[in-house]
Amino acid sequence: LSNMLGISLRVSEPELSALDVSQIPLIFGGSQKILTGIYLGFHADNVPQDNPISYNGHLLLTFKIDSAYEMISILTEGLAVPLDELAKITDSIFSEIGNVFGASFISALSNSVGIRILVTVPSVINYRSNAILEFLHSKKKEKDGCALLIKTHLFVEDNSIEGAFILIPEDYRSLLL
């Protein structure tokens, strides 16, 4: 991504923790906080029959709304965008960020378990954190469960932007086997 954009882009060492999916709105300060989320579904392809673990689930890359638009401002600096095109360009940039970071994350997971995992096309969501949780619930078969929270900072040029990956397995119980 750095080469494609011609800017310095780094990612900090991630902080990992597990949490109940109902706690997701609290990650960024409450259920009414506005977030930008980039959603990708994922599913395993060609899993051996004797493997009891489900590698299907959901990945959400989230940013506080002010951080998200700070990143967009940096990435589009000097780009002349007509005002009526700005929303489409912004969503396109967020989708590409989701593609690069989300697909890289899922690819690393896939390589570590030796199973091909495919991702869906990213969806960009700008809304309150509780509505994003409801969106995730609508995608999941089970409404309870746990998630893996991966907090990180993206360093774009000299700016630090806080973000988080939220990995929600479709069947978290299979991971306990």
Side-chain angles (χ1 to χ4, degrees), residues 1-2 8-31 33-44 53-72 74-75 93-137 139-140 142-156 159-176:
L1 189 58
S2 288
S8 171
L9 181 67
R10 295 178 299 112
V11 180
S12 71
E13 186 74 26
E15 299 171 31
L16 301 171
S17 59
L19 71 153
D20 187 275
V21 293
S22 65
Q23 300 299 307
I24 291 172
L26 304 178
I27 294 168
F28 287 110
S31 63
K33 291 288 184 181
I34 304 292
L35 301 177
T36 291
I38 302 112
Y39 167 82
L40 297 109
F42 62 89
H43 66 278
I53 298 174
S54 170
Y55 293 100
N56 303 329
H58 313 276
L59 181 65
L60 184 69
L61 176 57
T62 58
F63 300 97
K64 292 179 183 176
I65 197 75
D66 54 337
S67 295
Y69 285 101
E70 178 183 350
M71 182 170 32
I72 290 297
I74 294 164
L75 296 176
I93 291 169
F94 284 133
S95 289
E96 195 56 36
I97 289 167
N99 264 335
V100 170
F101 287 106
S104 294
F105 182 82
I106 295 298
S107 179
L109 175 64
S110 177
N111 291 338
S112 72
V113 297
I115 293 176
R116 186 173 162 202
I117 302 175
L118 306 172
V119 296
T120 63
V121 174
S123 299
V124 177
I125 310 162
N126 294 304
Y127 216 72
R128 289 183 176 86
S129 59
N130 63 337
I132 291 174
L133 177 61
E134 289 171 16
F135 172 81
L136 288 172
H137 274 273
K139 299 287 186 186
K140 277 180 60 60
E142 297 179 11
K143 302 307 177 200
D144 64 341
C146 65
L148 179 62
L149 172 64
I150 303 125
K151 283 190 171 184
T152 191
H153 282 84
L154 302 177
F155 296 95
V156 182
N159 301 291
S160 174
I161 298 167
E162 180 184 358
F165 283 104
I166 303 167
L167 178 78
I168 304 171
E170 190 59 54
D171 179 9
Y172 73 94
R173 287 184 273 284
S174 73
L175 298 177
L176 303 175

Nearest-0.5 Å distance that lies between atom CG in L148 and atom CZ in F165: 11.0 Å

Spatial distance of atom CG (L59) from atom CG (L167) [nearest 0.5 Å]: 6.0 Å

Main-chain N/O of V100 paired to S104 side chain as donor or acceptor, under 3.5 Å: yes

Which atom of A147 lies closest to which atom of I166, heavy atoms considered: CB-CG2, 4.0 Å

Results of side chain to side chain contact (heavy atoms under 4.5 Å, CB included) for S160 - residues two or more places apart only: H153, F155

Shortest non-hydrogen separation from E162 to F63 and the atoms involved: O-CD2, 3.4 Å

Pair listing, side-chain hydrogen bond (donor to acceptor under 3.5 Å, both in side chains) test, anchored in residues 114-125, at least two apart: D45-R116

Separation of I161 CD1 from S67 OG (nearest 0.5 Å): 6.5 Å

Closest approach of G98 to I38 (non-hydrogen atoms, all atoms of both residues): CA-CG2, 3.4 Å

Expected output: side-chain T152 to main-chain A164 donor-acceptor under 3.5 Å: no

Nearest non-hydrogen partners of P169 and C146, listed with the distance: CD-O, 3.5 Å

Min side-chain heavy-atom separation L60-I168 under 4.5 Å: no

Distance-minimising heavy-atom pair for G102 and L40: CA-CD1, 4.1 Å

side-chain hydrogen bond (donor to acceptor under 3.5 Å, both in side chains) partners for S95, two or more places apart: none

CD1 on I115 to OH on Y55, rounded to 0.5 Å: 4.5 Å

Heavy-atom side-chain proximity of F105 to I150 below 4.5 angstrom: yes

